[in-house]
Amino acid sequence: MDVILNLLIIIVSLIILDQASHLTITNAIKVSDITQLGKTAVGFSLLAFSTSLPELSVAFIAAFSGEAAVSVGNVLGSNIVNISLIVGLAALIMGLRRPRKVNVIPSFAKEELGSLHFGLFVSSIIPLSLLYIVEASWLVGLILILIFVFYTYQLSKIRIPPEEGTNVSEDEKKKLKRYVMFAFLGAMGVVVSAYFLVESAVAVAEFAGVPRTLIGATIIAFGTSLPELTLDLRSFLKGHPALALGDIIGSSFVNITLILGITLFVPVLLGSPLTMNMLVFQNLVIFSLITNLFFWYFLSMGRLSWKEGAIFLFIYLLFLATTLGAIQLNPPAT
């Protein structure tokens, strides 16, 4: 009976994921049109913060339980999944659906492209710097939080000229708060349904006799990126790649600044400051850097076809293979 119940929860969660993602995208586009922030900026801020809530909850739980390493690993792993798996799948699917449409990267405004490049730069340079200094303390965490606050404020001041044919009536402008609320609620629906989907999938996997280490490295690691996967794949397929790319890179930026910052800073507020040895995460940092560099190159070239998608998926499979291989070579103590 428990297995049947969990299977029903999985089905219901998938339905809610689909509807909630549709609600989020529809209202996020309206927010973009009214505020003139641009789809990339809305994805980078509103959607990125919302879809990063699973990682944020992991960060707080880890900080209170003294398991900060779990949060750091989750942040770096999620960034790899966000780009290699989500962008890879989107490019591959779009390439198969529209063989003549080689490129899925839209023509960005200068400000939008700048925020994407900055997000990728921060997501690359911070882990590399932490690997270089070896030990990360609460002071590093505070600096990361301040970087998040400062750049989010700077981003909020940028306005993008409206697209041709986009006329926003005064009536629509008055509904801005409503659209923001619905976009946020839709994102919450995605996050909550993703949580129940993952919990039920874990229960079914345990019933089937799948080892817990394998569940952690696959279902749970994949689960924290499920909100981005759902929203961004749908955004690509509905013809809003700028929204999707803003969310993907914005999520990486939020993860590496706000969430990593909270992971390192909160323990000092609890009276138990920690110093994290970043060499433990060397493999994750290297894969994160490789993924970001490829993405940076593809964005600069303005090209993202099924071939680039295949490269990203290969990187993800390689990352998955090395992660599972490390678990088998170094099984956790029981």
Open item on the list: The test is side chain to side chain contact (heavy atoms under 4.5 Å, CB included); show your working for V140 and I133 and say whether it passes.
Closed with: CA-CA 11 Å; V140 172; I133 65 175; 4.3 Å; yes

Task: Residues N27, F184; criterion side chain to side chain contact (heavy atoms under 4.5 Å, CB included); working and verdict - done: CA-CA 9 Å; N27 285 279; F184 186 73; over 6 Å; no

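- Interatomic distance, L142 CG to L146 CG, rounded to the nearest 0.5 Å: 4.5 Å.
- E135 has its side chain within reach of T275: a pair of non-hydrogen atoms, C-beta onward, lies under 4.5 Å apart.
- The closest side-chain heavy-atom distance from L85 to F312 is not below 4.5 Å.
- One finds the CG atom of L92 at 11.5 Å from the CD1 atom of I311 (value rounded to the nearest 0.5 Å).
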Result block: side-chain N/O donor-acceptor pairs under 3.5 angstrom for residues 251-267, not counting sequence neighbours:
from	atom 1	to	atom 2	distance (Å)
S251	OG	T51	OG1	3.3
S251	OG	E228	OE2	3.4
S251	OG	D247	O	2.8
S251	OG	D247	OD1	3.3
S252	OG	I248	O	3.3
N255	ND2	N79	OD1	2.9
N255	ND2	S251	O	3.3
T257	OG1	F253	O	2.6
T263	OG1	S71	OG	2.7
T263	OG1	I259	O	2.8

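- The distance from the CD atom of Q282 to the CG atom of L76 is 12.0 Å, given to the nearest 0.5 Å.
- Put simply, F148 and I145 are part of the same group of oily side chains (I, L, V, M, F, W, Y) that touch within less than 4.5 Å, one to the next.
- Within the 4.5 Å cutoff, the side chain of L229 has heavy atoms near those of the L89 side chain.
- When the shell of 6.0 Å around CE of M181 is examined, it contains more than 12 heavy atoms from other residues, nucleotides or ligands.
- How far CZ of F121 is from CD1 of I126: 9.0 Å, rounded to the nearest 0.5 Å.
- The distance from the CZ atom of F295 to the NE2 atom of H117 is 9.0 Å, given to the nearest 0.5 Å.
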TODO: Just do the side chain to side chain contact (heavy atoms under 4.5 Å, CB included) check on N277 and V280 with the steps written out, would you?
DONE: CA-CA 6 Å; N277 182 2; V280 176; 4.3 Å; yes

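- Taken together through direct or relayed side-chain contacts under 4.5 Å among Ile, Leu, Val, Met, Phe, Trp and Tyr, V87 and L317 form parts of separate hydrophobic clusters.
- Here the closest non-hydrogen pair linking L284 and I80 is O-CD1, 3.5 Å.
- When the side chains of ILVMFWY residues are joined at heavy-atom separations under 4.5 Å, either directly or via intervening members, I315 and M301 end up in a single hydrophobic cluster.
- Under the rule for a ring pair (Phe, Tyr, Trp, His ring centres under 6.0 Å), the partners of F287 that lie at least two apart in sequence or sit in another chain are F319.
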- [ ] Evaluate side chain to side chain contact (heavy atoms under 4.5 Å, CB included) for M276 paired with F281, printing each intermediate quantity in order.
- [x] CA-CA 10 Å; M276 185 67 63; F281 308 101; 3.9 Å; yes

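- Follow the hydrophobic side-chain contacts under 4.5 Å out from F236 and you reach F294 in the same cluster.
- Contact annotation: the side chain of L299 approaches that of L120 to within less than 4.5 Å [non-hydrogen atoms, C-beta and beyond].
- L130 and I125 fall within a single hydrophobic cluster, where Ile, Leu, Val, Met, Phe, Trp and Tyr are joined by side-chain heavy atoms under 4.5 Å apart, directly or via other members.
- The two residues L233 and I86 have their closest heavy-atom pair at CD2-O, 4.2 Å.
- Closest approach of P273 to V268, counting heavy atoms only: CB-CG2, 3.8 Å.
- Residues in residues 288-299 take part in these side chain to side chain donor-acceptor pair (under 3.5 Å) pairs, two or more places apart or across chains: S124-N292.
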